[in-house]
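A quick write-up on the structure given underneath.
Given the structure is predicted, the values throughout are model-derived calculations rather than measurements. Residue numbers count from 1 along this sequence.
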Amino acid sequence: MTKDVFFEDSELDRDQTQKFVSQTLNDCDDGELFLEFTQSEALSFDDGQLKSANFNTQQGFGLRAVVGETTAFAHSNELSQDALKRASDSVATVRSGHGGTLANHPASTNRALYTDQSPVDAANFETKVELMRAADEYARSLDTNIRQVSLSYAGELQNVEIMRAGDFSRAEQRPLIRFNVSIMMGNGDRQESGSYGFGGRGTYEDLISPDKWQFAVREAVRQAEIAMESIPAPAGEMDVVLGAGWPGILLHEAIGHGLEGDFNRKGTSAFAGLMGERIASKGVTVVDDGTLEHRRGSLSFDDEGTPTSSTTLIEDGILVGFMQDRLNARLMGVDPTGNGRRQSYAHAPMPRMTNTYMLNGDREREEIISSVKNGLYAVSFGGGQVDITSGQFVFSCTEAYMIEDGKIGAPVKGATIVGNGADALKRISMIGNDMELDPGIGTCGKQGQGVPVGVGQPTLRLDKITVGGTAA
(Lines give C-alpha, C1' and ligand atoms only; values in the text may rest on other atoms or scores of the structure.)
Protein backbone atom coordinates (compact mmCIF):
# COMPACT_ATOMS: atom_id res chain seq x y z
CA MET A 1 0.00 0.00 0.00
CA THR A 2 1.13 3.56 -0.68
CA LYS A 3 0.74 4.61 2.95
CA ASP A 4 3.36 2.05 4.03
CA VAL A 5 6.00 3.93 2.07
CA PHE A 6 5.63 6.99 4.28
CA PHE A 7 4.86 5.59 7.71
CA GLU A 8 6.44 2.14 7.90
CA ASP A 9 9.68 2.83 6.07
CA SER A 10 10.49 6.33 7.38
CA GLU A 11 10.85 8.28 10.61
CA LEU A 12 7.34 9.70 10.31
CA ASP A 13 4.60 8.67 12.71
CA ARG A 14 1.09 8.82 11.26
CA ASP A 15 -0.70 10.11 14.34
CA GLN A 16 1.94 12.75 15.05
CA THR A 17 2.01 13.82 11.41
CA GLN A 18 -1.76 14.25 11.36
CA LYS A 19 -1.48 16.32 14.54
CA PHE A 20 1.13 18.62 12.95
CA VAL A 21 -1.07 19.10 9.88
CA SER A 22 -4.14 19.98 11.97
CA GLN A 23 -2.18 22.38 14.19
CA THR A 24 -0.56 24.06 11.21
CA LEU A 25 -3.81 24.62 9.32
CA ASN A 26 -5.81 25.78 12.33
CA ASP A 27 -7.40 29.18 11.47
CA CYS A 28 -6.22 28.93 7.84
CA ASP A 29 -8.52 28.93 4.82
CA ASP A 30 -6.95 25.89 3.19
CA GLY A 31 -3.81 23.81 2.89
CA GLU A 32 -2.43 20.28 2.91
CA LEU A 33 0.58 18.05 3.41
CA PHE A 34 1.73 16.41 0.17
CA LEU A 35 3.94 13.33 0.62
CA GLU A 36 5.82 11.81 -2.30
CA PHE A 37 8.07 8.82 -2.93
CA THR A 38 8.99 8.28 -6.59
CA GLN A 39 11.20 5.69 -8.24
CA SER A 40 12.15 6.30 -11.86
CA GLU A 41 14.49 5.09 -14.57
CA ALA A 42 15.59 6.49 -17.92
CA LEU A 43 17.53 4.68 -20.64
CA SER A 44 18.93 6.11 -23.86
CA PHE A 45 20.24 4.07 -26.81
CA ASP A 46 22.14 5.62 -29.68
CA ASP A 47 23.59 3.97 -32.80
CA GLY A 48 23.42 0.46 -31.47
CA GLN A 49 24.82 1.20 -28.03
CA LEU A 50 23.38 1.93 -24.61
CA LYS A 51 24.51 5.50 -23.93
CA SER A 52 23.05 6.09 -20.47
CA ALA A 53 20.98 4.46 -17.78
CA ASN A 54 19.74 6.50 -14.85
CA PHE A 55 17.88 5.23 -11.81
CA ASN A 56 16.52 7.73 -9.34
CA THR A 57 14.63 7.79 -6.06
CA GLN A 58 12.95 10.99 -4.92
CA GLN A 59 11.15 11.51 -1.66
CA GLY A 60 9.95 14.38 0.43
CA PHE A 61 6.99 16.45 1.55
CA GLY A 62 5.49 19.83 0.82
CA LEU A 63 3.43 21.59 3.50
CA ARG A 64 1.15 24.44 2.42
CA ALA A 65 -1.02 26.87 4.40
CA VAL A 66 -3.35 29.27 2.58
CA VAL A 67 -4.82 32.47 4.02
CA GLY A 68 -6.86 34.57 1.62
CA GLU A 69 -4.70 34.95 -1.48
CA THR A 70 -1.47 34.31 0.44
CA THR A 71 0.27 30.95 0.39
CA ALA A 72 3.00 29.81 2.76
CA PHE A 73 4.86 26.74 1.54
CA ALA A 74 7.75 24.71 2.91
CA HIS A 75 9.25 21.47 1.64
CA SER A 76 11.95 18.99 2.58
CA ASN A 77 13.47 15.80 1.21
CA GLU A 78 13.79 14.52 4.78
CA LEU A 79 10.83 12.43 5.90
CA SER A 80 11.12 12.95 9.65
CA GLN A 81 9.13 14.47 12.48
CA ASP A 82 11.83 17.09 13.05
CA ALA A 83 11.72 18.24 9.42
CA LEU A 84 7.93 18.36 9.50
CA LYS A 85 7.99 20.36 12.76
CA ARG A 86 10.34 22.93 11.22
CA ALA A 87 8.10 23.22 8.17
CA SER A 88 5.01 23.56 10.36
CA ASP A 89 6.57 26.36 12.39
CA SER A 90 7.55 28.14 9.18
CA VAL A 91 4.26 28.07 7.29
CA ALA A 92 2.09 28.63 10.39
CA THR A 93 3.27 32.24 10.51
CA VAL A 94 0.96 33.06 7.59
CA ARG A 95 -2.09 32.72 9.80
CA SER A 96 -0.93 35.34 12.32
CA GLY A 97 -3.96 37.44 13.28
CA HIS A 98 -6.20 35.49 10.90
CA GLY A 99 -9.30 33.63 11.97
CA GLY A 100 -10.32 31.76 8.84
CA THR A 101 -12.66 28.81 8.44
CA LEU A 102 -10.94 25.84 6.86
CA ALA A 103 -12.44 24.95 3.48
CA ASN A 104 -14.36 21.70 3.19
CA HIS A 105 -12.42 18.58 2.30
CA PRO A 106 -12.47 17.33 -1.31
CA ALA A 107 -15.16 14.81 -2.17
CA SER A 108 -14.24 11.17 -1.72
CA THR A 109 -13.59 8.85 -4.64
CA ASN A 110 -13.05 5.13 -5.24
CA ARG A 111 -11.89 5.76 -8.80
CA ALA A 112 -8.89 3.81 -10.06
CA LEU A 113 -7.81 4.92 -13.54
CA TYR A 114 -4.62 2.90 -13.73
CA THR A 115 -2.72 0.00 -12.25
CA ASP A 116 -0.33 0.37 -9.32
CA GLN A 117 2.28 -1.88 -10.96
CA SER A 118 5.70 -0.24 -11.10
CA PRO A 119 7.19 0.20 -14.60
CA VAL A 120 10.60 0.19 -12.95
CA ASP A 121 10.12 -3.31 -11.51
CA ALA A 122 7.92 -4.76 -14.26
CA ALA A 123 10.78 -5.89 -16.47
CA ASN A 124 14.46 -6.35 -15.72
CA PHE A 125 17.20 -4.09 -17.04
CA GLU A 126 18.37 -6.58 -19.67
CA THR A 127 14.84 -6.82 -21.12
CA LYS A 128 14.67 -3.07 -21.61
CA VAL A 129 18.10 -2.90 -23.20
CA GLU A 130 17.13 -5.72 -25.56
CA LEU A 131 13.97 -3.81 -26.47
CA MET A 132 16.04 -0.85 -27.61
CA ARG A 133 18.51 -3.01 -29.47
CA ALA A 134 15.64 -4.70 -31.33
CA ALA A 135 14.10 -1.33 -32.17
CA ASP A 136 17.44 -0.07 -33.49
CA GLU A 137 17.86 -3.10 -35.75
CA TYR A 138 14.25 -2.91 -36.92
CA ALA A 139 14.62 0.74 -37.89
CA ARG A 140 17.77 0.12 -39.91
CA SER A 141 16.07 -2.70 -41.78
CA LEU A 142 13.45 -0.29 -43.12
CA ASP A 143 15.63 2.17 -45.04
CA THR A 144 19.26 2.04 -46.14
CA ASN A 145 19.57 5.85 -45.90
CA ILE A 146 19.27 5.86 -42.12
CA ARG A 147 22.38 7.39 -40.56
CA GLN A 148 21.42 7.51 -36.90
CA VAL A 149 18.85 5.89 -34.63
CA SER A 150 18.24 7.31 -31.14
CA LEU A 151 15.88 5.71 -28.66
CA SER A 152 14.80 6.50 -25.12
CA TYR A 153 12.64 4.85 -22.49
CA ALA A 154 11.44 6.34 -19.22
CA GLY A 155 9.32 4.75 -16.51
CA GLU A 156 8.33 5.78 -13.02
CA LEU A 157 6.01 5.01 -10.15
CA GLN A 158 5.00 7.99 -8.04
CA ASN A 159 3.57 7.26 -4.59
CA VAL A 160 1.58 10.16 -3.16
CA GLU A 161 -0.42 10.79 -0.03
CA ILE A 162 -2.33 13.98 0.73
CA MET A 163 -3.20 14.79 4.34
CA ARG A 164 -5.44 17.62 5.52
CA ALA A 165 -6.66 18.79 8.91
CA GLY A 166 -9.39 16.70 10.48
CA ASP A 167 -8.02 13.24 9.79
CA PHE A 168 -8.30 13.49 5.98
CA SER A 169 -5.99 11.26 3.97
CA ARG A 170 -5.92 10.17 0.33
CA ALA A 171 -3.20 8.01 -1.24
CA GLU A 172 -2.37 6.21 -4.47
CA GLN A 173 0.40 5.04 -6.80
CA ARG A 174 0.76 6.63 -10.24
CA PRO A 175 2.66 4.76 -13.00
CA LEU A 176 3.97 6.60 -16.07
CA ILE A 177 5.80 5.31 -19.17
CA ARG A 178 7.17 6.98 -22.29
CA PHE A 179 9.07 5.55 -25.30
CA ASN A 180 10.63 7.70 -28.04
CA VAL A 181 12.46 7.01 -31.29
CA SER A 182 14.30 9.54 -33.45
CA ILE A 183 15.66 8.84 -36.92
CA MET A 184 18.30 10.79 -38.82
CA MET A 185 18.30 10.07 -42.55
CA GLY A 186 20.67 11.28 -45.23
CA ASN A 187 21.36 11.10 -48.94
CA GLY A 188 24.38 12.96 -50.23
CA ASP A 189 24.56 16.35 -48.54
CA ARG A 190 20.92 16.36 -47.49
CA GLN A 191 19.99 15.21 -44.01
CA GLU A 192 16.56 15.16 -42.38
CA SER A 193 14.98 13.69 -39.25
CA GLY A 194 11.78 12.10 -38.01
CA SER A 195 10.55 11.14 -34.57
CA TYR A 196 7.65 9.50 -32.78
CA GLY A 197 6.81 8.60 -29.21
CA PHE A 198 4.07 7.03 -27.14
CA GLY A 199 3.24 6.37 -23.52
CA GLY A 200 0.66 6.51 -20.77
CA ARG A 201 -0.25 5.25 -17.33
CA GLY A 202 -0.28 1.48 -17.37
CA THR A 203 1.80 -1.66 -17.18
CA TYR A 204 5.05 -2.19 -19.03
CA GLU A 205 3.57 -5.23 -20.77
CA ASP A 206 0.53 -3.33 -22.03
CA LEU A 207 2.34 -0.24 -23.24
CA ILE A 208 5.66 -1.61 -24.51
CA SER A 209 4.28 -4.33 -26.78
CA PRO A 210 5.98 -5.25 -30.09
CA ASP A 211 3.16 -3.88 -32.22
CA LYS A 212 3.38 -0.49 -30.47
CA TRP A 213 7.14 0.02 -30.55
CA GLN A 214 7.37 -1.27 -34.11
CA PHE A 215 4.66 1.19 -35.17
CA ALA A 216 6.61 3.98 -33.47
CA VAL A 217 9.76 3.03 -35.38
CA ARG A 218 7.92 2.87 -38.70
CA GLU A 219 6.31 6.23 -38.07
CA ALA A 220 9.63 7.92 -37.26
CA VAL A 221 11.17 6.44 -40.41
CA ARG A 222 8.16 7.55 -42.48
CA GLN A 223 8.46 11.12 -41.19
CA ALA A 224 12.18 11.19 -42.04
CA GLU A 225 11.47 9.86 -45.54
CA ILE A 226 8.79 12.51 -46.06
CA ALA A 227 11.18 15.21 -44.83
CA MET A 228 13.77 14.07 -47.38
CA GLU A 229 11.28 14.89 -50.13
CA SER A 230 10.12 18.21 -48.68
CA ILE A 231 10.43 21.60 -50.34
CA PRO A 232 10.72 25.02 -48.64
CA ALA A 233 7.39 26.19 -47.25
CA PRO A 234 5.80 29.31 -48.71
CA ALA A 235 4.86 32.23 -46.47
CA GLY A 236 1.73 34.31 -46.31
CA GLU A 237 -1.90 34.25 -45.21
CA MET A 238 -3.67 31.07 -46.23
CA ASP A 239 -6.26 28.51 -45.22
CA VAL A 240 -4.79 25.86 -42.93
CA VAL A 241 -6.04 22.36 -42.19
CA LEU A 242 -4.84 20.91 -38.89
CA GLY A 243 -4.65 17.14 -38.66
CA ALA A 244 -6.32 15.08 -35.93
CA GLY A 245 -4.57 14.13 -32.68
CA TRP A 246 -1.22 15.68 -31.77
CA PRO A 247 -1.93 19.04 -33.52
CA GLY A 248 -4.18 19.61 -30.51
CA ILE A 249 -0.97 20.86 -28.88
CA LEU A 250 -1.68 24.15 -30.64
CA LEU A 251 -5.10 24.25 -28.96
CA HIS A 252 -3.48 23.38 -25.62
CA GLU A 253 -0.95 26.18 -25.79
CA ALA A 254 -2.85 28.85 -27.71
CA ILE A 255 -6.00 28.81 -25.56
CA GLY A 256 -5.62 26.14 -22.85
CA HIS A 257 -3.48 28.16 -20.47
CA GLY A 258 -5.76 31.13 -21.00
CA LEU A 259 -8.64 29.07 -19.57
CA GLU A 260 -6.88 28.24 -16.30
CA GLY A 261 -8.43 29.82 -13.21
CA ASP A 262 -5.46 31.82 -11.89
CA PHE A 263 -4.93 33.81 -15.08
CA ASN A 264 -8.62 34.68 -15.24
CA ARG A 265 -8.96 35.58 -11.57
CA LYS A 266 -6.03 37.97 -11.95
CA GLY A 267 -7.37 39.34 -15.23
CA THR A 268 -4.22 38.49 -17.17
CA SER A 269 -5.81 36.03 -19.61
CA ALA A 270 -7.06 37.05 -23.03
CA PHE A 271 -10.35 35.39 -21.98
CA ALA A 272 -10.77 37.20 -18.64
CA GLY A 273 -14.27 38.63 -18.19
CA LEU A 274 -15.73 36.73 -21.16
CA MET A 275 -17.63 33.98 -19.31
CA GLY A 276 -20.89 33.25 -21.12
CA GLU A 277 -19.80 35.02 -24.29
CA ARG A 278 -19.00 33.60 -27.70
CA ILE A 279 -15.24 33.17 -28.07
CA ALA A 280 -15.16 30.56 -30.84
CA SER A 281 -17.02 29.50 -33.96
CA LYS A 282 -20.26 27.54 -33.60
CA GLY A 283 -19.61 23.85 -33.21
CA VAL A 284 -16.41 24.32 -31.22
CA THR A 285 -16.61 22.39 -27.93
CA VAL A 286 -13.48 21.97 -25.82
CA VAL A 287 -13.14 19.90 -22.65
CA ASP A 288 -10.43 19.15 -20.12
CA ASP A 289 -10.87 15.59 -18.91
CA GLY A 290 -8.65 14.03 -16.26
CA THR A 291 -10.83 10.90 -15.97
CA LEU A 292 -9.73 9.04 -19.13
CA GLU A 293 -8.30 5.64 -18.24
CA HIS A 294 -4.55 5.11 -18.71
CA ARG A 295 -4.00 8.50 -20.38
CA ARG A 296 -0.82 10.42 -19.66
CA GLY A 297 -2.66 13.45 -18.30
CA SER A 298 -5.17 11.51 -16.18
CA LEU A 299 -5.27 11.30 -12.39
CA SER A 300 -7.70 9.60 -10.03
CA PHE A 301 -7.47 12.78 -7.95
CA ASP A 302 -5.36 15.89 -8.34
CA ASP A 303 -2.44 16.96 -6.16
CA GLU A 304 -4.77 18.61 -3.65
CA GLY A 305 -6.96 15.51 -3.27
CA THR A 306 -9.86 16.66 -5.45
CA PRO A 307 -11.22 13.96 -7.80
CA THR A 308 -10.54 14.87 -11.42
CA SER A 309 -13.47 15.60 -13.71
CA SER A 310 -14.49 16.26 -17.28
CA THR A 311 -14.77 20.04 -17.41
CA THR A 312 -16.41 21.69 -20.41
CA LEU A 313 -14.50 24.88 -21.18
CA ILE A 314 -16.11 25.96 -24.45
CA GLU A 315 -19.54 24.70 -25.54
CA ASP A 316 -20.68 25.34 -29.11
CA GLY A 317 -18.38 28.36 -29.18
CA ILE A 318 -19.49 29.82 -25.81
CA LEU A 319 -17.07 30.13 -22.88
CA VAL A 320 -18.66 28.13 -20.05
CA GLY A 321 -15.87 27.09 -17.67
CA PHE A 322 -12.34 27.42 -16.36
CA MET A 323 -9.94 24.84 -14.92
CA GLN A 324 -9.70 25.37 -11.17
CA ASP A 325 -7.55 24.40 -8.23
CA ARG A 326 -8.88 24.92 -4.70
CA LEU A 327 -7.36 28.35 -4.05
CA ASN A 328 -8.61 30.07 -7.20
CA ALA A 329 -11.97 28.30 -7.08
CA ARG A 330 -12.56 29.58 -3.54
CA LEU A 331 -11.59 33.13 -4.44
CA MET A 332 -13.78 33.06 -7.57
CA GLY A 333 -16.75 31.51 -5.74
CA VAL A 334 -16.90 28.32 -7.80
CA ASP A 335 -16.13 24.64 -7.26
CA PRO A 336 -12.66 23.18 -7.87
CA THR A 337 -12.49 20.99 -10.97
CA GLY A 338 -9.64 18.66 -9.99
CA ASN A 339 -6.98 20.65 -11.84
CA GLY A 340 -4.68 21.46 -8.90
CA ARG A 341 -1.37 19.99 -10.01
CA ARG A 342 2.29 20.18 -9.01
CA GLN A 343 5.53 18.84 -10.48
CA SER A 344 6.68 17.31 -7.18
CA TYR A 345 6.58 17.64 -3.41
CA ALA A 346 8.92 20.66 -3.76
CA HIS A 347 6.31 22.68 -5.70
CA ALA A 348 3.05 24.29 -4.66
CA PRO A 349 -0.03 23.32 -6.72
CA MET A 350 -1.66 25.57 -9.29
CA PRO A 351 -4.44 25.14 -11.89
CA ARG A 352 -3.10 23.03 -14.77
CA MET A 353 -4.53 21.11 -17.71
CA THR A 354 -4.92 17.31 -17.74
CA ASN A 355 -6.18 15.99 -21.12
CA THR A 356 -7.48 18.94 -23.16
CA TYR A 357 -9.20 18.30 -26.47
CA MET A 358 -11.86 19.45 -28.92
CA LEU A 359 -14.90 17.27 -29.54
CA ASN A 360 -15.97 15.94 -32.94
CA GLY A 361 -17.84 17.85 -35.59
CA ASP A 362 -19.65 16.30 -38.56
CA ARG A 363 -17.26 16.69 -41.51
CA GLU A 364 -15.14 14.03 -43.17
CA ARG A 365 -11.39 14.65 -43.33
CA GLU A 366 -11.39 14.37 -47.11
CA GLU A 367 -14.23 16.88 -47.36
CA ILE A 368 -12.27 19.41 -45.30
CA ILE A 369 -9.11 19.04 -47.36
CA SER A 370 -10.99 19.22 -50.66
CA SER A 371 -12.62 22.48 -49.57
CA VAL A 372 -9.25 24.29 -49.62
CA LYS A 373 -8.08 25.50 -53.02
CA ASN A 374 -4.60 26.51 -51.93
CA GLY A 375 -3.35 26.17 -48.38
CA LEU A 376 -1.41 24.15 -45.85
CA TYR A 377 -2.13 20.77 -44.25
CA ALA A 378 -0.31 20.61 -40.89
CA VAL A 379 -0.07 17.06 -39.56
CA SER A 380 2.38 17.42 -36.68
CA PHE A 381 3.90 20.19 -34.59
CA GLY A 382 7.14 20.68 -32.70
CA GLY A 383 7.97 23.53 -30.36
CA GLY A 384 6.04 26.73 -29.94
CA GLN A 385 5.77 29.94 -27.96
CA VAL A 386 2.66 31.54 -26.48
CA ASP A 387 2.00 34.77 -24.61
CA ILE A 388 -0.81 34.09 -22.12
CA THR A 389 -1.89 37.71 -21.77
CA SER A 390 -2.15 38.57 -25.46
CA GLY A 391 -2.79 35.05 -26.78
CA GLN A 392 -0.14 35.42 -29.50
CA PHE A 393 1.44 32.12 -30.57
CA VAL A 394 4.07 30.75 -32.97
CA PHE A 395 4.31 27.01 -33.69
CA SER A 396 6.66 25.10 -35.96
CA CYS A 397 5.36 22.26 -38.14
CA THR A 398 7.35 19.02 -38.17
CA GLU A 399 5.17 17.47 -40.88
CA ALA A 400 3.14 19.57 -43.31
CA TYR A 401 1.99 19.51 -46.94
CA MET A 402 0.74 21.99 -49.48
CA ILE A 403 -2.91 21.72 -50.48
CA GLU A 404 -3.41 22.43 -54.18
CA ASP A 405 -6.85 22.46 -55.77
CA GLY A 406 -8.29 20.49 -52.84
CA LYS A 407 -5.66 17.76 -52.92
CA ILE A 408 -2.63 17.06 -50.70
CA GLY A 409 0.51 18.13 -52.53
CA ALA A 410 4.21 18.26 -51.82
CA PRO A 411 5.57 18.00 -48.28
CA VAL A 412 7.11 21.24 -47.01
CA LYS A 413 9.71 22.07 -44.37
CA GLY A 414 10.20 25.17 -42.24
CA ALA A 415 6.51 26.06 -41.96
CA THR A 416 5.32 27.94 -38.87
CA ILE A 417 1.80 28.84 -37.80
CA VAL A 418 1.48 32.37 -36.40
CA GLY A 419 -1.62 33.83 -34.80
CA ASN A 420 -3.67 34.76 -31.79
CA GLY A 421 -5.50 32.10 -29.77
CA ALA A 422 -8.74 34.02 -29.33
CA ASP A 423 -8.75 35.00 -33.00
CA ALA A 424 -7.88 31.49 -34.21
CA LEU A 425 -10.92 30.02 -32.40
CA LYS A 426 -13.17 32.22 -34.53
CA ARG A 427 -11.42 31.19 -37.75
CA ILE A 428 -12.44 27.53 -37.40
CA SER A 429 -14.86 26.95 -40.27
CA MET A 430 -15.00 23.14 -40.50
CA ILE A 431 -14.67 20.46 -37.79
CA GLY A 432 -13.97 16.82 -38.61
CA ASN A 433 -15.56 13.70 -37.16
CA ASP A 434 -12.21 11.95 -36.59
CA MET A 435 -11.13 13.16 -33.14
CA GLU A 436 -7.96 11.52 -31.88
CA LEU A 437 -5.93 11.89 -28.72
CA ASP A 438 -2.17 12.23 -28.90
CA PRO A 439 -0.07 9.06 -28.42
CA GLY A 440 0.89 9.96 -24.85
CA ILE A 441 3.97 12.16 -25.02
CA GLY A 442 2.96 15.62 -23.79
CA THR A 443 4.61 17.58 -20.98
CA CYS A 444 3.28 21.02 -20.11
CA GLY A 445 5.38 23.80 -18.60
CA LYS A 446 4.07 26.63 -16.44
CA GLN A 447 5.97 28.87 -14.04
CA GLY A 448 8.92 26.48 -14.04
CA GLN A 449 6.87 23.35 -13.35
CA GLY A 450 6.39 20.49 -15.81
CA VAL A 451 3.53 17.98 -15.61
CA PRO A 452 2.38 15.19 -17.98
CA VAL A 453 -0.64 16.12 -20.11
CA GLY A 454 -2.69 14.92 -23.06
CA VAL A 455 -4.11 16.77 -26.07
CA GLY A 456 -6.40 15.94 -28.97
CA GLN A 457 -8.71 17.21 -31.68
CA PRO A 458 -10.42 16.24 -34.92
CA THR A 459 -9.27 17.55 -38.29
CA LEU A 460 -9.95 21.31 -38.43
CA ARG A 461 -10.03 23.99 -41.09
CA LEU A 462 -8.85 27.48 -40.08
CA ASP A 463 -9.49 30.29 -42.52
CA LYS A 464 -6.78 32.79 -43.39
CA ILE A 465 -4.05 32.01 -40.86
CA THR A 466 -0.55 33.49 -41.17
CA VAL A 467 2.05 30.94 -42.24
CA GLY A 468 5.74 31.61 -41.97
CA GLY A 469 7.92 29.84 -44.50
CA THR A 470 11.41 29.41 -45.90
CA ALA A 471 10.77 29.66 -49.65
CA ALA A 472 12.76 32.39 -51.37
Side-chain angles (χ1 to χ4, degrees), residues 1-2 4-6 9-10 34-61 77 79 113-139 149-161 171-182 195-210 212-217 220 294-299 303 341-347 438-445 449-454:
M1 294 295 291
T2 303
D4 296 340
V5 173
F6 304 111
D9 302 324
S10 76
F34 182 87
L35 295 156
E36 177 188 5
F37 179 83
T38 297
Q39 290 182 311
S40 62
E41 64 178 348
L43 284 70
S44 66
F45 200 85
D46 193 15
D47 279 342
Q49 294 184 335
L50 182 67
K51 292 296 184 180
S52 67
N54 298 311
F55 301 87
N56 185 54
T57 297
Q58 173 177 282
Q59 68 174 17
F61 70 82
N77 62 3
L79 292 177
L113 298 178
Y114 30 77
T115 177
D116 60 1
Q117 181 181 351
S118 173
V120 179
D121 299 332
N124 61 37
F125 177 73
E126 290 76 13
T127 297
K128 293 163 186 172
V129 173
E130 183 56 36
L131 159 72
M132 305 183 98
R133 181 175 292 108
D136 178 274
E137 294 175 355
Y138 181 62
V149 179
S150 300
L151 301 130
S152 65
Y153 165 82
E156 71 172 45
L157 185 69
Q158 181 193 42
N159 299 264
V160 302
E161 180 168 358
E172 73 166 352
Q173 296 175 302
R174 300 169 174 174
L176 190 64
I177 289 174
R178 177 170 169 167
F179 179 86
N180 284 83
V181 54
S182 178
S195 63
Y196 191 81
F198 65 90
R201 298 188 183 276
T203 67
Y204 180 90
E205 290 77 9
D206 287 342
L207 287 173
I208 311 297
S209 59
K212 290 184 179 180
W213 67 255
Q214 288 175 9
F215 175 82
V217 170
H294 307 301
R295 297 300 305 179
R296 182 173 170 84
S298 295
L299 298 168
D303 295 326
R341 305 189 64 190
R342 66 182 93 202
Q343 178 175 314
S344 75
Y345 71 88
H347 302 82
D438 77 280
I441 58 175
T443 297
C444 173
Q449 294 193 43
V451 297
V453 296

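- With sequence neighbours left out, the side chain to side chain contact (heavy atoms under 4.5 Å, CB included) criterion links H347 to R342, Q343, S344, Q449.
- Between F6 and N159, some side-chain heavy-atom pair lies under the 4.5 Å cut-off.
- Looking at every heavy atom in both residues, I177 comes nearest to G202 through CD1-O, 3.8 Å.
- The shortest non-hydrogen separation linking S44 to L50 is O-CD1, 3.4 Å.
- Checked by atom type, the side-chain pair E36/Q58 shows a donor-acceptor distance below 3.5 Å.
- D46 places no side-chain N or O within donor-acceptor distance of the main-chain N or O of Q49, the cut-off being under 3.5 Å.
- Proximity of a side-chain donor or acceptor of K212 to a complementary backbone N or O of D206 within less than 3.5 Å is detected.
- For E156 and Q39, the side-chain atoms include no donor-acceptor pair closer than 3.5 Å.
- Of all heavy-atom pairs between S298 and L113, the closest is CB-CD1, 4.1 Å.
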Original post:
Should F215 and F198 be marked as a side-chain contact (heavy atoms from CB on, under 4.5 Å) after you check the CA-CA gap, both sets of side-chain angles, and the distance that decides it?
Top reply: CA-CA 10 Å; F215 175 82; F198 65 90; over 6 Å; no

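- The line from CD of Q117 to OG1 of T203 is 5.5 Å long, rounded to the nearest 0.5 Å.
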Subject >> V5/E161 under side-chain contact (heavy atoms from CB on, under 4.5 Å): CA gap, chis, key distance, verdict >> reply: CA-CA 10 Å; V5 173; E161 180 168 358; over 6 Å; no

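- No side-chain heavy atom of V160 sits less than 4.5 Å from a side-chain heavy atom of F37.
- A distance-only check finds no donor-acceptor pair linking the side chain of R174 to the backbone of Y114 [under 3.5 Å].
- Nearest heavy-atom pair across F125 and A53 is CE1-CB, 3.8 Å.
- Residues meeting the side chain to side chain donor-acceptor pair (under 3.5 Å) test with R178, sequence neighbours left out: N180.
- For the pair G48 and D136, the tightest heavy-atom approach, listed with the atom from each and the gap, is N-OD2, 3.4 Å.
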Subject >> Stepwise side-chain contact (heavy atoms from CB on, under 4.5 Å) test for L176 and R296 >> reply: CA-CA 7 Å; L176 190 64; R296 182 173 170 84; 3.9 Å; yes

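- Residues L157 and S118 come closest through the heavy atom pair CD2-CB, 3.6 Å.
- L43 contributes atom CG, which lies 5.5 Å from atom CE of M132 (distance to the nearest 0.5 angstrom).
- Rounded to the nearest 0.5 angstrom, L131 CG and E126 CD are separated by 13.0 Å.
- A heavy-atom distance below 4.5 Å is not found between the side chains of L35 and Y345.
- Between the side chains of T115 and R201, no donor-acceptor pair of N or O atoms lies under 3.5 Å.
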**OP:** Start with the C-alpha distance between Y204 and T127, add both sets of side-chain angles, then the distance that settles side-chain contact (heavy atoms from CB on, under 4.5 Å), and finish with yes or no.
**Re:** CA-CA 11 Å; Y204 180 90; T127 297; 4.3 Å; yes

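- By the 6.0 Å and 45° rule, K128 does not stack over the aromatic ring of F45.
- With hydrogens and angles ignored, the 3.5 Å screen pairs no side-chain donor or acceptor of R295 with any backbone N or O of G454.
- For Y153 and F179, the distance between ring centers is not under 6.0 angstrom.
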